[in-house]
*Asks:* 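I am attaching a structure below and will ask some questions about it afterwards.
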Amino acid sequence: MNEQLLNMIGQWLEQFEQELNTPDSDQYSAGAEGQSPQGETSPHADLLHRITRQSEQFRHFASQLLSLCDDEHHIETDPLIDCFRKHLDQLNLEWILSSWPLPEQLTTVLAIFSQQNSTLNEELQHVNQLLQRLLGTLGPHLQPSLVQQLRTTLEDLRDFARSRQQYLEHLSRINSAALDLFSQRLQGTTISELEQLHRLWIQSYEECYQQALSQEEYRQAFAALCNNAMALRQHWQQQLDHFYSSCGLVTLAQYDELSRQHHELRRRVRVLEQQASHQRGSSSHFKDRHDSNQG
Amino acid sequence: MTRIKVDPQQLSKQSHELEILDQCISAAARISYTHQPTAHQVLLRSGSLKLLKFEPTTSRKLTSPLLICYALVNRPWILDLSPQRSLIQNLLNEGIPVYLIDWGYPSRCDRFLNLEDYLTDLLDQCVDCASQDNNGRPVNLMGVCQGGVLSLCYSLIFPHKVRNLISLVTPADTSPANFTLNHLAQEIDATLATNTYGNLPGKLLNELFTALQPMRLGLEKRLAAGRQLCADDETVKHYLLMEHWLQDCPDLAGEALKDFIELFFRQNALMSEQGFELAGRHLKLADLRQPLLNIYGKRDQLVPPEASAALKNAVNGKDYTEVGIDAGHIGVLNGSRALHTLPPLIYNWLKKREPQ
């Protein structure tokens with residue numbers, strides 16, 4: 001554990017040093033040189049990684065289509081749509097997971113308890129049960145404030161899982177509507193390119209999606225997902241702050257409070273500078289008038 | 001049950017092409033695509049902000065400088081992507097002295113920077129600096145996207161410091177039914193967002209943009225990637241630079257974002273006939289004094305043309321010129337058609353309004 005911690009600190013210092021050594025004059029173009037100033041993963045590598053994964057998915061999809069072909073080079077619509085639905089569900093799920101991640105520490109907990117072939121929903125349920133058991137066993141022996149925090153986390157996790165499920169259901173309904181439209185448009189066409197198939201799909205999907213976007217229900221589901229993901233993260237951070245504080249460490253909330261005070265001071269300085277500048281202007285105006293009267 | 005005809009030869013060929021794509025991706029990973037900005041000097045630094053100065057490549061043809069106020073979202077180097085694709089370079093070729101505000105990357109301690117700070121402190125410093133560098137002449141202010149909204153507000157607060165105003169793909173009216181970004185953001189709790197993250201992470205913002213057209217901006221774009229990455233080196237470089245720019249999304253200072261959402265998304269303040277309160281002043285678009293050149297993309301999905309063109313009625317019959325470019329949001333800033341059309345158009349419009 002200690003060794004792991006030392007390694008982490010070592011890596012962090014190394015990264016910090018690299019950032020310090022980055023010449024400031026390069027910052028305008030730094031974003032385009034394969035390294036963001038925050039030292040995040042190179043977008044170049046990330047992009048190529050995503051395209052590689054996509055090309056694997058597409059190759060898999062192409063081979064599935066070929067296997068569905070009969071001797072006369074036809075595919076029956078239902079298996080084709082089924083195959084396409086699976087292909088798209090995978091893309092959808094990846095999108096949701098990458099868009100609204102859990103707080104990093106919770107993701108680590110999930111990774112520890114994830115079982116092979118279990119869905120993220122099942123994993124969430126698993127962690128939820130675990131926290132509930134923990135609360136039941138340790139509850140009577142813990143400080144009331146800690147018990148309350150654990151309860152809040154449990155509620156947040158439930159809200160997050162519920163809103164994510166509701167949002168996925170919306171997406172699933174859009175998928176179904178889009179697939180209906182897609183299969184109608186497929187009639188009478190010959191598939192010679194995967195791109196052609198996907199273009200038709202994109203057109204059908206965007207039509208249905210834009211329709212859903214105009215509905216209040218969809219917007220609320222989207223906002224609920226965003227708000228619940230943020231609430232979960234915020235409460236988690238508050239718990240971390242509480243923990244850091246009890247260890248005598250500076251918390252993020254304390255750091256923010258210092259930043260707020262710093263900004264207040266900066267604003268006051270600005271106002272004072274403006275007042276001083278006006279006074280200088282006024283006094284030179286009076287001096288000029290005085291001089292001209294005497295002259 | 002219906003049956004769909006398939007061309008298995010073509011499909012097999014494509015499957016094979018996907019294998020070749022893997023090799024192209026490996027090759028693309030080795031291509032260097034360093035951003036080469038047009039020569040400039042840094043005139044001012046304040047926190048993460050920098051003001052960049054670009055000298056015209058021909059004899060200077062305008063007395064007042066052009067100050068570009070970019071959005072707080074994304075990075076300004078889309079205006080100077082490469083020597084071949086640079087709006088800034090083309091403006092310099094017209095003899096226009098250009099200054100560019102690079103807002104930089106706000107850090108956690110900048111979370112309390114609000115809209116008033118951006119306008120009356122940071123933007124004001126840049127305007128004063130560019131003006132002083134030009135013998136105290138007022139600037140021509142060009143705002144891009146959200147920067148257009150900032151520029152409109154700034155011109156109302158400090159009318160004597162701005163000679164002419166140019167708005168590019170600016171969301172002035174956020175009420176149109178097809179302004180999806182506003183509708184999608186309506187129910188999101190901006191206070192919770194700033195309390196949670198401090199500054200809103202750029203990555204999240206990118207996801208929100210993608211959520212406007214998930215298949216078109218996700219799947220379709222990635223489908224085209226294969227072909228782009230298998231093309232010649234120049235095409236690959238351009239593609240990678242564009243992709244890199246798209247992902248180079250700075251975090252947004254929390255308080256400023258909250259102010260922006262409340263004023264311009266929730267209240268649609270710029271369109272309010274009664275006006276709105278900002279930076280301790282009462283502002284009204286009808287009071288705008290400066291001539292306004294309003295440029296928008298006819299195919300813009302992010303800021304629909306109606307959202308920009310609404311400025312016409314709001315400025316109430318003043319010196320107003322409107323130009324729709326046949327391009328999308330990014331196309332107006334970096335598309336070959338816009339790069340060809342905009343610089344002479346901007347030059348001629350400004351030249352006509354030069355002091356005699």
Side-chain angles (χ1 to χ4, degrees), chain A residues 25 27-29 31-33 36-38 43-44 47-48 50-52 54-55 58-59 62-63 65-66 69 73-78 80 91 95 99 186-187 189-195 198 202 205-206 209 213-214 219-220 222-223 226-227 230-231 233-234 237 255-256 259-260 262-263 270, chain B residues 1-8 10-12 14-15 18-19 21-22 25 28-29 34-35 37 42 50 52 75 77 102 104-105 108-109 111-113 121 177 180 183-184 186-189 192-193 195-196 198 207 213-216 218-220 222-223 225-226 229 240-241 243-245 247-248:
Chain A
S25 56
Q27 205 184 339
Y28 167 58
S29 53
E33 287 170 352
S36 74
Q38 291 98 330
H44 188 160
L47 170 73
L48 297 177
R50 277 188 290 133
I51 295 172
T52 309
Q54 176 200 278
S55 104
F58 276 45
R59 222 172 23 230
S63 63
L65 281 190
L66 285 170
C69 264
H73 308 323
H74 280 86
I75 300 180
E76 289 182 353
T77 318
D78 285 354
L80 169 73
L91 294 171
W95 179 53
S99 307
L186 260 180
Q187 309 302 326
T189 55
T190 300
I191 303 168
S192 53
E193 279 185 323
L194 287 181
E195 287 184 19
H198 280 80
I202 288 161
Y205 185 91
E206 288 295 350
Y209 185 77
L213 267 185
S214 63
R219 289 179 201 161
Q220 278 174 357
F222 179 77
C226 301
N227 293 338
M230 289 191 294
R233 187 172 281 271
Q234 190 198 19
Q237 184 58 47
Y255 177 81
D256 281 345
S259 301
R260 193 189 61 75
H262 172 249
H263 271 288
R270 198 167 76 225
Chain B
M1 193 178 283
T2 51
R3 293 166 60 181
I4 309 293
K5 188 157 174 51
V6 174
D7 183 343
Q10 276 291 331
L11 277 186
S12 305
Q14 231 188 340
S15 187
L18 285 167
E19 278 171 35
L21 175 66
D22 284 351
I25 290 171
T34 310
H35 177 222
V42 179
K50 278 190 295 180
L52 314 180
R75 302 274 296 131
W77 55 275
D102 177 0
Y105 299 85
R108 178 92 194 184
C109 66
R111 70 168 283 196
F112 293 100
L113 269 178
D121 184 7
T180 323
H183 300 309
L184 205 56
Q186 271 307 321
E187 307 280 337
I188 296 176
D189 188 338
L192 177 62
N195 288 344
T196 305
E207 294 291 350
Q213 296 175 285
M215 286 297 155
R216 214 170 280 290
L219 190 59
E220 188 178 43
R222 294 208 297 272
L223 269 173
L229 287 170
L240 290 175
L241 268 172
E243 277 304 306
H244 199 158
W245 174 79
Q247 289 178 54
D248 187 10

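By convention in this document, chain letters (A, B, ...) are assigned in the order of the sequence lines, proteins followed by strands, and residues within each chain are numbered from 1. Below, each value reflects all heavy atoms present in this structure, side chains not excepted, and no hydrogens, waters or symmetry copies.
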*Asks:* What distance do B:R111 atom CZ and A:D256 atom CG have between them, rounded to the nearest 0.5 Å?
*Replies:*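 It comes to 4.5 Å.
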
*Asks:* So what's closer than 4.5 Å to chain B heavy atoms on A:E206: side chain, backbone, both or neither?
*Replies:*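 The side chain, not the backbone.
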
*Asks:* If you look at every heavy atom in A:Q234 and B:T196, which pair is closest and at what distance?
*Replies:*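 The answer is CB-OG1, 3.5 Å.
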
*Asks:* Looking only at heavy atoms, which two atoms of A:Y205 and B:P214 are closest? And how far apart?
*Replies:*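 Looks like CE2-CG, 3.9 Å.
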
*Asks:* Name the region of A:R260, side chain, backbone, both or neither, that has any atom closer than 4.5 Å to a heavy atom of chain B.
*Replies:*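 For A:R260, heavy atoms of backbone and side chain both lie under 4.5 Å from chain B.
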
*Asks:* How long is the gap from CG on B:L192 to CZ on A:R233, to the nearest 0.5 Å?
*Replies:*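 The CZ atom of A:R233 is 11.5 Å from CG of B:L192, to the nearest 0.5 Å.
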
*Asks:* Are any non-hydrogen side-chain atoms of A:H263 and B:L113 less than 4.5 angstrom apart?
*Replies:*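 Touching, per the 4.5 Å side-chain cut-off.
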
*Asks:* Which heavy-atom pair separates B:D189 from A:N227 by the least distance, and what is that distance?
*Replies:*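 Closest heavy-atom pair between B:D189 and A:N227: N-OD1, 3.0 Å.
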
*Asks:* Quick one: are B:R108 and A:Y255 in side-chain contact, heavy atoms under 4.5 Å?
*Replies:*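 In contact.
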
